[in-house]
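Just below is one structure, and these are the notes that go with it.
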Amino acid sequence: MRLVVVGGVAAGTKAAARARRVNPRLKIVVYQEEPEPSISECGLPYLLSGTVEGQRRLVARTPQEFARSDIRVLVRHRVEGIDPDRKRLAVRDLSTGASFEDRYDRLILATGARARPLAVEGSHLGGVFNLRFLTDADRILDHLRRHRPRRALVVGGGYVGLEVAENLRLRGMEVTLVQRPERVATAYDLEISRRIEDHLREHGVEVRTGAEVEELRGAGRVREALVSGEAVEAGLVVAGVGIEPETTLARRAGARIGTTGAVWTDRHQRTSLPEVWAAGDCAQTRNRITGEPAWVPLGDTANQMGRVAGTNAALGEDAEEFPGVLGTGIFKVFDLAAGKTGLSEQEAKRAGLEAVAAGIESRSRAGYYPGAGRVLLKLVAEKGSGRLLGAQAFGSGADKLTDVCATALWGGLSCSDLVNLDLAYAPPYGPVLSPVIQAATVLQRRLSQPPK
């Protein structure tokens, strides 16, 4: 029995490793275009500042290490076609240019997502980059070493753009961040994203929202950008304008594509093609709160999907289910953190839910204990039922608060449940009443108020 996995990084390598544990007799082959099959993509921005020292630290497992588990990993190999009727693959060795055919009994697609290019005049110039793979980080670092640009332009105010802006600033560069919408971090509600912007500016990042890069200029290498009619110096441009699921192979093979644009899968990670599963950033899943299709390209989600796909492909049966996602995420903004789980207030209303929200400012420790920081926590609940719908946090200790709320969401807790949570307390670790309890108390009062 031969299992082939197309794509590595998080979902593909997790699926292969899980399949090996479940079925020691399988023949497993992984095809990966990039030179490293298993890396931590989330760590890439921190290479730019030197916070993470050396690319090797982001490589989780090499092909040689996979070989010790009898998993054959072929890097710099691109699968260019799937024949689901014959169970054949068209493969190209990118190192030699040679093409050949391979076969499979069962197949897992883990083709991930691709970065959207910066579609403006001059985007072909040297010094203009996306940051998606370790090879991208290598090219950026090489550019920084060779040309020593003074100013950087970061395009996009999502997770990647914000993290890149921080790390280039920590490197000592002057950084301008340009965001087309009127605020950064648009997955968050206004009061959170405004705090993030203020914190960026406090640390020397020039933030331009409601602005657009219209052109990049330079002779062979980027020198400046035209931003909403104004010339801005930029010897380095990093685009973080979003990603989209890489579904080219699946589409050509006739796989069903979901409403999110990602590969449709059932709860067992099966695609519409026989004996083919999909996992990770290329695959669609389900939002646990709304029940609607969702596409959430996050590393931990990809790992969890890969585990389910690997188990079921190894056994050839529907042994495990992937239960869907809350979309929990967090990112660092200099010395503070921004976290989110479930629906924001705006997302809840777009989903047709009658949402009520409450936000409180609190401390990360007892006020009298040294080192106490501030944190803003916002909870969103459903009017009537009191069901918790989501939470957002920004500040000191936002990671802990986000995880507490994610666990509450997963368990289906209501706002009144949160009021009575039995959480750990000691002055060095939090106020006597957790910000979760404080926010839930305020929210419960609002939920009980009669409509105006």
Side-chain angles (χ1 to χ4, degrees), residues 42-43 45-46 49 51-52 157-159 162-163 165-167 169-170 183-185 187-203 205 298-300 326-345 357-381 388-411 413 415 417-444:
C42 299
Y46 303 101
S49 63
T51 301
V52 174
Y159 282 6
L162 294 170
E163 290 171 347
E166 174 194 349
N167 283 279
R169 186 76 186 111
L170 291 176
R183 56 192 180 89
V184 301
Y188 291 70
D189 284 322
L190 180 62
E191 54 267 53
I192 304 291
S193 62
R194 290 299 186 216
R195 298 288 182 96
I196 295 169
E197 285 181 28
D198 290 344
H199 197 60
L200 288 166
R201 291 189 174 103
E202 287 169 7
H203 285 79
V205 177
L298 294 172
D300 53 346
L326 298 172
T328 306
I330 192 164
F331 63 96
K332 177 176 170 291
V333 189
F334 292 97
D335 51 344
L336 299 179
K340 176 178 180 286
T341 185
L343 305 179
S344 66
E345 185 177 6
I360 59 103
E361 277 205 67
S362 185
R363 291 186 178 273
S364 59
R365 302 175 181 178
Y368 55 80
Y369 193 88
R374 306 293 301 182
V375 64
L376 171 63
L377 175 65
K378 179 177 181 178
L379 300 181
V380 183
L388 185 65
L389 298 176
Q392 298 161 70
F394 179 70
S396 182
D399 53 342
K400 179 171 75 172
L401 300 179
T402 302
D403 281 344
V404 169
C405 293
T407 303
L409 276 170
W410 198 268
L413 300 188
C415 182
D417 292 325
L418 297 187
V419 171
N420 297 302
L421 282 179
D422 187 3
L423 299 175
Y425 161 69
Y429 302 108
V432 65
L433 285 179
S434 164
V436 175
I437 295 174
Q438 295 179 46
T441 302
V442 175
L443 183 55
Q444 190 175 46

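Of the candidates Leu377, Leu376, Leu379, Leu423, Pro435 forms a side-chain contact (heavy atoms from CB on, under 4.5 Å) with just one, namely Leu377.
Arg169 places none of its side-chain heavy atoms less than 4.5 Å from the side chain of Leu200. Residues Thr328 and Asp300 fail the side-chain proximity criterion, which asks for heavy atoms closer than 4.5 Å. For the pair Thr407 and Val404, the minimum side-chain heavy-atom distance is 4.5 Å or more. Ser344 has its side chain within reach of Gln392: a pair of non-hydrogen atoms, C-beta onward, lies under 4.5 Å apart. At a threshold of 4.5 Å between non-hydrogen side-chain atoms, the residues Leu388 and Leu413 do not count as touching.
Taking both residues in full, the closest heavy atoms of Ile437 and Val419 are given as CG2-O, 3.4 Å, listed atom of the first, atom of the second, then distance. Scanning all heavy atoms of the two residues, the minimum distance from Gly157 to Leu162 falls at O-CD1, 3.5 Å. Residues Leu326 and Ala406 approach most closely at CD1-O, 3.5 Å, considering heavy atoms. Between Ile330 and Ala398 the shortest heavy-atom distance is CD1-C, 4.2 Å. Contact detail for Leu170 and Ser49: the closest heavy-atom pair is CB-CB, 4.1 Å. Here the closest heavy-atom approach between residue Gln438 and residue Ser362 is recorded as NE2-OG, 3.1 Å.
Note that CG of Leu401 and OG of Ser434 are 5.5 Å apart. Values are rounded to the nearest 0.5 Å. In this structure, CG on Leu336 lies 11.0 Å from CZ on Phe331, to the nearest 0.5 angstrom. From Tyr46, atom OH reaches atom CD of Glu166 across 5.5 Å, with rounding to the nearest 0.5 Å. Between the CD atom in Glu163 and the OG1 atom in Thr51 there is a gap of 11.0 Å [rounded to 0.5 Å]. Of the inter-residue distances, the one linking Cys405 atom SG with Leu389 atom CG reads 12.0 Å to the nearest 0.5 angstrom.
Not counting sequence neighbours, the partners of Lys378 by the salt bridge (Lys or Arg N to Asp or Glu O under 4.0 Å) test are Asp189, Glu191, Glu345. Remark: Lys400 pairs with no residue by the salt bridge (Lys or Arg N to Asp or Glu O under 4.0 Å) rule, at least two apart or across chains.
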- [ ] Step by step, work out the side-chain contact (heavy atoms from CB on, under 4.5 Å) result for Arg195 and Val333.
- [x] CA-CA 10 Å; Arg195 298 288 182 96; Val333 189; over 6 Å; no
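Taking the six-membered ring where the residue is Trp, His199 and Phe394 present perpendicular rings, their angle passing 60° and hence far from 30°.
Between the side chain of Arg374 and the backbone N or O of Gly395 there is no donor-acceptor pair closer than 3.5 Å. When atom types are taken as modelled, the side chain of Ser364 and the backbone of Gly373 share a donor-acceptor pair closer than 3.5 angstrom.
Residue Phe334 places its CZ atom among more than 12 non-hydrogen atoms of other residues, nucleotides or ligands, all under 6.0 Å distant.
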